[in-house]
Amino acid sequence: MIGIRRLRSGDALDPARIARNVFDHTLKPDCLEAFLADPGHALLIAEVEGEVIGQLRALRVRHPDKAPEMMIENLGVTPAWHRRRVATDLVTAARAVAEGWGAVGVFVLTETGNGAARAFYRSLGWPESAVRLFDAS
């Protein structure tokens, strides 16, 4: 049985219990705690028998001229669990968090070459729009 839960400040994740490719990089405890302590951030995890098989990170985006929105900043599911509703369940849980934030919408940015992600979000009925990224990093 897959369980979805939102991590809170003070929660920790055992690196040995995180499946491969769930996060892009190795978790850093201080960075994890700073993320979880921010009320405008949400980290949802999908677990099976204590193993983290998926995660979704989201940020509340505030605007001076409209209600806030949620941006899905990152979504990862270990390949063994692809196409088994894990990502869909994480997005559903994120939408509930967005509602609690009073967010008027949820959006995600993904690379044009990431066909799997684009197909996934289209499968949810989310329209795709053209955006160009300018990166100053």
Side-chain angles (χ1 to χ4, degrees):
M1 181 75 151
I2 299 170
I4 305 289
R5 69 183 172 104
R6 181 178 179 185
L7 295 182
R8 302 288 185 175
S9 180
D11 288 343
L13 290 176
D14 177 357
R17 302 292 299 160
I18 300 172
R20 70 180 184 85
N21 296 336
V22 169
F23 290 93
D24 294 333
H25 307 282
T26 302
L27 289 181
K28 297 179 180 177
D30 57 329
C31 293
L32 175 62
E33 179 53 32
F35 188 92
L36 297 175
D38 188 317
H41 292 165
L43 175 56
L44 302 163
I45 60 169
E47 297 174 292
V48 172
E49 297 177 5
E51 181 181 31
V52 177
I53 60 165
Q55 61 84 24
L56 182 148
R57 294 192 302 266
L59 311 173
R60 178 174 44 209
V61 179
R62 293 191 178 276
H63 304 281
D65 58 349
K66 65 180 182 178
E69 296 175 286
M70 172 185 274
M71 180 180 82
I72 295 175
E73 186 267 328
N74 189 275
L75 173 62
V77 176
T78 192
W81 284 87
H82 283 185
R83 299 190 175 274
R84 295 171 74 179
R85 294 199 47 85
V86 176
T88 301
D89 291 349
L90 285 164
V91 169
T92 298
R95 291 186 74 127
V97 172
E99 231 176 77
W101 284 347
V104 295
V106 177
F107 69 93
V108 64
L109 304 173
T110 190
E111 296 86 0
T112 57
N114 190 339
R118 292 172 62 207
F120 168 68
Y121 291 109
R122 281 194 306 268
S123 79
L124 298 177
W126 295 15
E128 187 170 351
S129 61
V131 173
R132 294 287 181 248
L133 173 67
F134 297 86
D135 186 354
S137 59

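Along the sequence shown, the residues carry numbers beginning at 1.
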Legend entry - For the student: nearest non-hydrogen atoms of Gly54 and Leu90, plus distance: C-CD1, 3.9 Å
Inset, instruction - Measure the spacing between CZ of Arg84 and CG of Asp89 and express it to the nearest 0.5 Å. - result: 12.0 Å
Legend entry - Candidate pair Arg132 and Phe134, rule side chain to side chain contact (heavy atoms under 4.5 Å, CB included), full reasoning: CA-CA 7 Å; Arg132 294 287 181 248; Phe134 297 86; 4.1 Å; yes
Legend entry - Heavy-atom pair with the smallest gap, counting every atom of Val106 and Ala98: CG2-CB, 3.9 Å
Legend entry - Trace of the side chain to side chain contact (heavy atoms under 4.5 Å, CB included) decision for Phe120 with Val108: CA-CA 11 Å; Phe120 168 68; Val108 64; over 6 Å; no
Legend entry - Inter-residue atom distance Tyr121.OH - Phe107.CZ, 0.5 Å rounding: 12.0 Å
Inset, instruction - Over all heavy atoms of both residues, which pair between Arg6 and Asp11 is shortest? Give the atoms and the distance, please. - result: O-OD2, 4.3 Å
Legend entry - Shared hydrophobic cluster, Leu59 / Val104 (ILVMFWY, side-chain heavy atoms < 4.5 Å): no
Legend entry - Min side-chain heavy-atom separation Lys28-His25 under 4.5 Å: no
Inset, instruction - Check whether more than 12 heavy atoms from other residues, nucleotides or ligands sit under 6.0 Å from atom CD of Glu49, and answer yes or no. - result: no
Inset, instruction - Starting from the C-alpha separation in whole Å, work towards a yes-or-no answer on side chain to side chain contact (heavy atoms under 4.5 Å, CB included) for Ile18 and Leu13. - result: CA-CA 8 Å; Ile18 300 172; Leu13 290 176; 4.1 Å; yes
Inset, instruction - Measure the CG-CD distance between Asn21 and Gln55 for me, rounded to the nearest 0.5 Å. - result: 11.0 Å
Inset, instruction - Treat each ILVMFWY residue as a node, draw an edge where side-chain heavy atoms are under 4.5 Å apart, and state whether Leu56 and Met71 are in one component. - result: no
Inset, instruction - Tell me, yes or no, whether the heavy-atom count around Arg83 atom CZ, taken from other residues, nucleotides or ligands under 6.0 Å, exceeds 12. - result: no
Legend entry - Flag, side chain of Asp38 to backbone of Phe35, donor-acceptor distance under 3.5 Å: no
Inset, instruction - Please name the pair of heavy atoms, one in Ala46 and one in Ile2, separated by the smallest distance, quoted to 0.1 Å. - result: CB-CG2, 4.2 Å
Inset, instruction - May I ask you to check whether over 12 heavy atoms, not counting those of Glu99, lie within 6.0 Å of atom CD? - result: no
Legend entry - Short side-chain to backbone donor-acceptor contact, Arg60 and Ala103, under 3.5 Å: no
Inset, instruction - Calculate, to the nearest 0.5 Å, the distance between atoms CG and SG belonging to Leu36 and Cys31 respectively. - result: 11.0 Å
Inset, instruction - Verify, without hydrogens or angle tests, whether Arg17 (side chain) and Gly50 (backbone) share a donor-acceptor contact under 3.5 angstrom. - result: yes
Inset, instruction - Establish whether Val86 and Ile72 are linked, either directly or via other cluster members, by ILVMFWY side-chain heavy-atom contacts under 4.5 Å. - result: yes
Inset, instruction - Decide if atom CZ of Arg62 counts as having more than 12 heavy atoms of other residues, nucleotides or ligands within a radius under 6.0 Å. - result: no
Inset, instruction - Please step through side chain to side chain contact (heavy atoms under 4.5 Å, CB included) for the pair Arg57 and Phe23, ending with a clear verdict. - result: CA-CA 10 Å; Arg57 294 192 302 266; Phe23 290 93; 3.5 Å; yes
Inset, instruction - Look up atom CG in Leu32 and atom CG in Leu7, then write down how far apart they are to the nearest 0.5 Å. - result: 7.0 Å
Legend entry - More than 12 heavy atoms of other groups within 6.0 Å of Arg95 CZ: no
Legend entry - Hydrophobic cluster membership, Ile45 vs Trp81, 4.5 Å side-chain cutoff: no
Inset, instruction - Taking all non-hydrogen atoms of both residues into account, name the closest pair between Pro39 and Trp101 and its distance. - result: O-NE1, 3.6 Å
Legend entry - Sub-4.5 Å side-chain heavy-atom contact between Glu33 and Ser9: yes
Legend entry - Verify same cluster id: Leu44, Val61 (apolar side-chain graph, 4.5 Å): no
Legend entry - Distance (rounded to the nearest 0.5 Å) between Glu47 CD and Ile53 CD1: 9.0 Å
